[in-house]
Asks: 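Here it is: the structure, laid out below.
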Amino acid sequence: MSCMSVAEAFKAKPGSKTTVKGWVRTRRDSKAGLSFVAITDGSCFDTFQIVVPADLANYAEEVQKLTTGCSIEADGELVESQGKGQSIEMQVSAVRVLGWVDDPDTYPVSAKRHTFEYLREVAHLRPRTNSFSAVARVRNCLAQAIHRYFHENGYCWIHTPIITASDCEGAGQMFRVSTLDAANTPRTPEGAVNWEEDFFGREAHLTVSGQLNVECYCLALSKVYTFGPTFRAENSNTSRHLAEFWMVEPEIAFADLNDDANLAEDFLKHCFKTLLNERADDMAFFNERIDKTVIETLEHMIESPFERVTYTDAVKILEKSGKKFEFPVAWGSDLQSEHERYLTEEVFKKPVILMDYPKDIKAFYMRMNDDGKTVAAMDVLVPKIGEIIGGSQREERLDVLDQRIDAMGLPKENYWWYRDLRRYGTVPHAGFGLGFERLVQFCTGMANIRDVIPFPRTPKNAEF
RNA sequence: UCCCCGAUAGCUCAAUGGUAGAGCGAGCGGCUGUUAACCGCUAGGUUGCAGGUUCGAGUCCUGCUCGGGGAGCCA
């Protein structure tokens with residue numbers, strides 16, 4: 001006998017004989033001589049109703065003892081439903097129980113409402129809930145959409161390293177990678193830890209960005225991107241930060257900041273369109289139960305051109321707004337969350353691309369503008385999340401790059417291979433970084449970033 | 001890391017310093033082509049951990065752990 005996923009069964013013709021497999025969500029017995037069992041296998045949002053007749057040999061002993069979470073497989077015929085609530089269901093001829101639930105009273109994800117905070121403590125079982133299976137499918141859909149977008153537009157996916165031997169970007173705290181015995185580290189004559197005896201013969205860390213590496217491939221393959229895990233050891237405790245997260249970083253050669261902004265806008269719109277098109281069931285759930293405006297918001301994003309404003313103009317807008325902010329606005333200091341949200345949520349009511357930031361608040365590799373005061377950086381701001389993308393045109397002129405490295409007191413020798421890119425056939429190029437979880441957050445309306453990644457890594461939490 | 005809030009039944013929450021309760025979930029029974037079904041009954045607790053104040057602490061105080069909201073940092 002054939003076998004179907006729940007998603008396939010919903011689309012199949014009545015009369016098909018098949019087998020479905022999944023986990024019990026609910027069971028309702030009827031004295032009419034049957035039980036209704038709703039099962040899910042994660043292939044789509046909806047549960048599938050199977051109708052089990054009481055004359056099955058294992059009805060009293062097994063079927064009537066099924067509780068939420070039990071795994072079963074059922075043979076039968078797909079029929080049009082006699083009840084309301086579903087168009088198709090299965091008339092069952094045999095049920096086999098694959099796995100029981102030890103103690104239904106303490107089953108952690110019983111068929112009732114649970115808080116997200118609680119479900120985080122049972123991260124191994126939360127994918128069995130409506131919300132987390134929906135998040136998993138949306139996350140997958142967006143990841144596939146991202147790869148498809150770049151693939152169809154001629155980009156090459158570059159696998160940049162997870163372990164890096166030098167803190168090239170200087171972006172935040174890094175996790176150390178070491179095989180030394182922590183209780184008995186080798187020492188130099190001066191008493192410092194002797195990293196030369198470590199695995200790589202030098203200090204090594206988990207990557208905070210694949211950007212510098214991907215630039216090497218950009219200046220050979222022209223259109224490239226990375227999409228992989230990234231690590232920050234910052235002690236950040238917010239609903240928008242993870243110690244381990246996934247980042248998308250495209251890099252384009254022969255391109256300036258405007259090309260970069262165009263790419264960011266087109267890319268985001270493609271992701272939103274794909275999601276609404278391919279996961280309508282899950283998005284209907286998020287729109288109904290998590291955030292009543294998500295679908296409307298995404299549709300609005302797809303239709304409207306993103307607003308482009310220079311940092312300098314944004315500061316003027318904020319100063320003239322008359323709005324009282326907790327932190328004052330001043331040219332030269334970075335915009336606060338409240339400023340960014342005011343711009344995107346109240347002034348423009350759509351995504352805003354802020355461009356040309358003061359050089360002193362941005363990284364060394366960002367291209368110096370002709371005014372000598374600003375660099376060709378951009379941030380894409382969206383309502384609720386704030387900054388979802390950060391990018392820049394990279395400094396392709398070696399002399400200017402060296403000046404910036406010196407001015408910021410960075411060790412030039414560490415950047416020897418990065419500087420080589422400017423010595424041998426340099427070209428204007430640009431790129432950006434997108435926090436993948438923030439994209440999932442924005443698209444689902446989920447309030448906490450810990451609920452859009454299967455096993456969140458945050459300070460004091462790596463249980464699963 | 002800073003500020004604020006919280007931790008009581010499997011889960012969500014009640015309980016003037018004075019015998020710890022409800023809803024949901026679970027078990028049993030009833031009813032029903034049912035839909036987060038419905039109705040009845042039953043079980044379920046060293047009140048996060050360690051101290052302290054008090055005749056008496058879930059409640060007040062101190063420390064710790066963990067969780068939440070906000071901020072910083074950022075993606």
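Note that the structure is predicted; figures quoted are calculated from it, not measured. Each chain gets a letter, A, B and so on, in the order its sequence line appears, and its residues count up from 1.
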Asks: Can you name the residues that form a side-chain contact (heavy atoms from CB on, under 4.5 Å) with A/A280, not counting sequence neighbours?
Replies: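 Partners of A/A280 by the side-chain contact (heavy atoms from CB on, under 4.5 Å) criterion come out as none, since no residue qualifies.
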Asks: With sequence neighbours left out, what residues match A/R96 under salt bridge (charged side-chain N to carboxylate O under 4.0 Å, His left out)?
Replies: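 Salt bridge (charged side-chain N to carboxylate O under 4.0 Å, His left out) list for A/R96, sorted by chain: A/E73, A/D75.
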Asks: Remember a base hit wins even if backbone is also touched, and classify A/E244 as base, sugar-phosphate or nothing at under 4.0 Å, heavy atoms.
Replies: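 Here A/E244 touches no strand at all.
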Asks: Which part of the nucleic acid, if any, lies within reach of A/E340 when heavy atoms closer than 4.0 Å are counted: base, sugar-phosphate only, or nothing?
Replies: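 No contact.
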Asks: Aromatic contact between A/F116 and A/F132, with the criterion being ring centroids under 6.0 Å apart: yes or no?
Replies: yes
Asks: To the nearest Å, how far apart are A/Q64 CD and B/G27 C1'?
Replies: 14 Å
Asks: Here's a test of your reading of the structure: between A/D103 and A/I385, which maps to the more 5' nucleotide of RNA chain B?
Replies: A/D103
Asks: For A/K269, check salt bridge (charged side-chain N to carboxylate O under 4.0 Å, His left out) against everything at least two apart and list the hits.
Replies: A/E265
Asks: Output the single nucleotide from B/U32, B/A75, B/C74 whose closest atom is nearest the side chain of A/R240.
Replies: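 Of the options given, the side chain of A/R240 lies nearest B/C74.
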Asks: Side chain of A/T115 only, please: which of B/C74, B/G33, B/U12 is the nearest?
Replies: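 Nucleotide nearest to A/T115's side chain: B/U12.
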Asks: Where does the angle between the aromatic ring planes of A/H124 and A/F464 fall among parallel (under 30°), tilted (30 to 60°) and perpendicular (over 60°)?
Replies: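 A/H124 and A/F464: parallel rings.
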Asks: Decide, yes or no, whether a salt bridge links A/R120 with A/D451 under the criterion of side-chain N to carboxylate O below 4.0 Å.
Replies: yes
Asks: Expressed as a whole number of Å, how far does the C1' atom of B/G70 sit from that of B/C11?
Replies: 27 Å
Asks: Run the ring pair (Phe, Tyr, Trp, His ring centres under 6.0 Å) test against A/Y342 and tell me which residues pass, sequence neighbours left out.
Replies: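 By the ring pair (Phe, Tyr, Trp, His ring centres under 6.0 Å) rule, A/Y342 matches A/F325.
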Asks: Establish whether the base of B/U34 is bridged to the side chain of A/Q49 by a donor-acceptor pair shorter than 3.5 Å.
Replies: yes
Asks: Could you state the atom-to-atom distance from CH2 of A/W100 to C1' of B/A26 in whole Å?
Replies: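 From A/W100 CH2 to B/A26 C1': 16 Å.
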Asks: Anything under 3.5 Å between a protein N or O and an N or O of nucleotides 37-44 of chain B, put it in a table, one pair a line.
Replies:
residue, atom, partner, partner atom, Å
B/A37, OP2, A/R28, NH1, 3.0

Asks: If only side-chain N and O atoms of A/S236 are considered, is one of them under 4.0 Å from the OP1 or OP2 phosphate oxygen of B/C73?
Replies: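 It does not, given that no N or O in the side chain of A/S236 lies less than 4.0 Å from OP1 or OP2 of B/C73.
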Asks: Set out, line by line, the N/O atom pairs under 3.5 Å between protein and nucleotides 20-23 of chain B.
Replies:
none

Asks: When you match A/N235 and A/G390 each to their closest nucleotide on RNA chain B, which lands nearer the 5' end?
Replies: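 The residue closer to the strand's 5' end, by nearest nucleotide, is A/N235.
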Asks: Check side-chain contact (heavy atoms from CB on, under 4.5 Å) between A/D46 and all other residues, then give those that pass, not counting sequence neighbours.
Replies: A/F10
Asks: When we call it a touch if two heavy atoms are under 4.0 Å apart, what does A/Y118 touch: a base, just sugar-phosphate, or nothing?
Replies: sugar-phosphate
Asks: To the nearest Å, give me how far apart NE2 (A/H241) and P (B/G70) are.
Replies: 12 Å
Asks: side-chain contact (heavy atoms from CB on, under 4.5 Å) with A/D103: which residues, sequence neighbours excluded?
Replies: A/D105, A/T106
Asks: Do we see A/Y107 stacking on the base of B/G10, given a limit of 5.5 Å between centres and 30° between planes?
Replies: no
Asks: How many Å lie between CG on A/L66 and C1' on B/G27, as a whole number?
Replies: 16 Å
Asks: Distance between the C1' atoms of B/A50 and B/C13, in whole angstroms?
Replies: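 Their C1' atoms lie roughly 27 Å apart.
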Asks: Taking the six-membered ring for Trp and the full ring for Phe, Tyr or His, determine whether the centres of A/Y365 and A/Y418 are under 6.0 Å apart.
Replies: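 Between A/Y418 and A/Y365, which both carry aromatic rings, the centre distance is not below 6.0 Å.
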Asks: How about A/H205 and A/F175: are their ring centroids closer than 6.0 Å?
Replies: no
Asks: Enumerate the protein-to-nucleotides 67-69 of chain B contacts in which both atoms are nitrogen or oxygen and the separation is below 3.5 Å.
Replies:
residue, atom, partner, partner atom, Å
B/G68, OP1, A/R120, NH1, 2.2
B/G68, OP1, A/R450, NH1, 3.3
B/G68, OP2, A/R450, NH1, 2.8

Asks: Taking all heavy atoms of A/Y311 and all of A/S333, pick out the closest pair and write down the distance.
Replies: OH-O, 2.6 Å
Asks: Counting N and O atoms only, with roles assigned by atom type, does the side chain of A/E249 sit under 3.5 Å from a partner on the main chain of A/L434, one being a donor and the other an acceptor?
Replies: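 Between the backbone of A/L434 and the side chain of A/E249 there is no qualifying donor-acceptor contact (under 3.5 Å).
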Asks: When the P atoms of B/A36 and B/G17 are considered, how many whole Å apart are they?
Replies: 42 Å
Asks: Who passes salt bridge (charged side-chain N to carboxylate O under 4.0 Å, His left out) against A/R279, sequence neighbours left out?
Replies: A/D281, A/D282
Asks: Would you mind telling me which of B/G25, B/G33, B/C73 lies closest to the side-chain atoms of A/Q86?
Replies: B/G33
Asks: Taking only the side-chain heavy atoms of A/F36 (C-beta and beyond), determine which of B/G72, B/A75, B/G33 contains the nearest atom.
Replies: B/G33
Asks: Could you provide the dot-bracket string of RNA chain B, using ( ) for intrastrand pairs, [ ] for crossing pairs and | for bases paired to another strand, with Watson-Crick or G-U pairs below 3.5 Å?
Replies: (((((((..((((....[..)))).(((((.......))))).....(((((..]....))))))))))))....
Asks: Atom CD of A/Q441 to atom P of B/C74: distance rounded to whole Å?
Replies: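 Distance, rounded to whole Å: 18 Å.
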Asks: Once hydrogens and angles are ignored, does a donor-acceptor distance under 3.5 Å link the base of B/C11 to the side chain of A/H114?
Replies: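 No such pair is found, so the answer is no.
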Asks: Looking only at atom types and distance, does a side-chain atom of A/D356 sit under 3.5 Å from a main-chain N or O of A/T374, one as donor and one as acceptor?
Replies: no
Asks: Using the P atoms only, state how far B/G58 lies from B/G67, rounded to an integer number of Å.
Replies: 26 Å
Asks: Measuring only the C1' atom in each nucleotide, how far is B/A14 from B/G21? A whole number of Å is fine.
Replies: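 Nearest-Å result for B/A14 against B/G21 at atom C1': 7 Å.
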Asks: Can you tell me how far P in B/A9 sits from the matching atom in B/G48, rounded to whole Å?
Replies: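 That atom pair is separated by 8 Å.
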Asks: Which listed nucleotide (B/C74, B/U32, B/G72) is nearest to the side chain of A/S30?
Replies: B/U32
Asks: Could you tell me whether a side-chain N or O of A/H339 sits under 3.5 Å from a main-chain N or O of A/F327, the two making a donor and an acceptor?
Replies: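 Judged by distance alone, yes, a pair lies under 3.5 Å.
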Asks: With A/I317, which residues qualify under side-chain contact (heavy atoms from CB on, under 4.5 Å), at least two apart?
Replies: A/V309, A/L343, A/V347, A/F348
Asks: Looking at every strand, decide which applies to A/L439 at a 4.0 Å heavy-atom threshold: base, sugar-phosphate, or nothing.
Replies: nothing
Asks: Please give the distance between the C1' atoms of B/A22 and B/U65 as a whole number of Å.
Replies: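 Rounded to whole Å, the distance is 29 Å.
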Asks: Considering only side-chain heavy atoms of A/P104, which listed nucleotide, B/A26, B/G10, B/G33, is closest?
Replies: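 Closest nucleotide to the A/P104 side chain: B/A26.
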Asks: Roughly how far apart, to the nearest Å, are B/U12 and B/G18 at atom C1'?
Replies: 28 Å
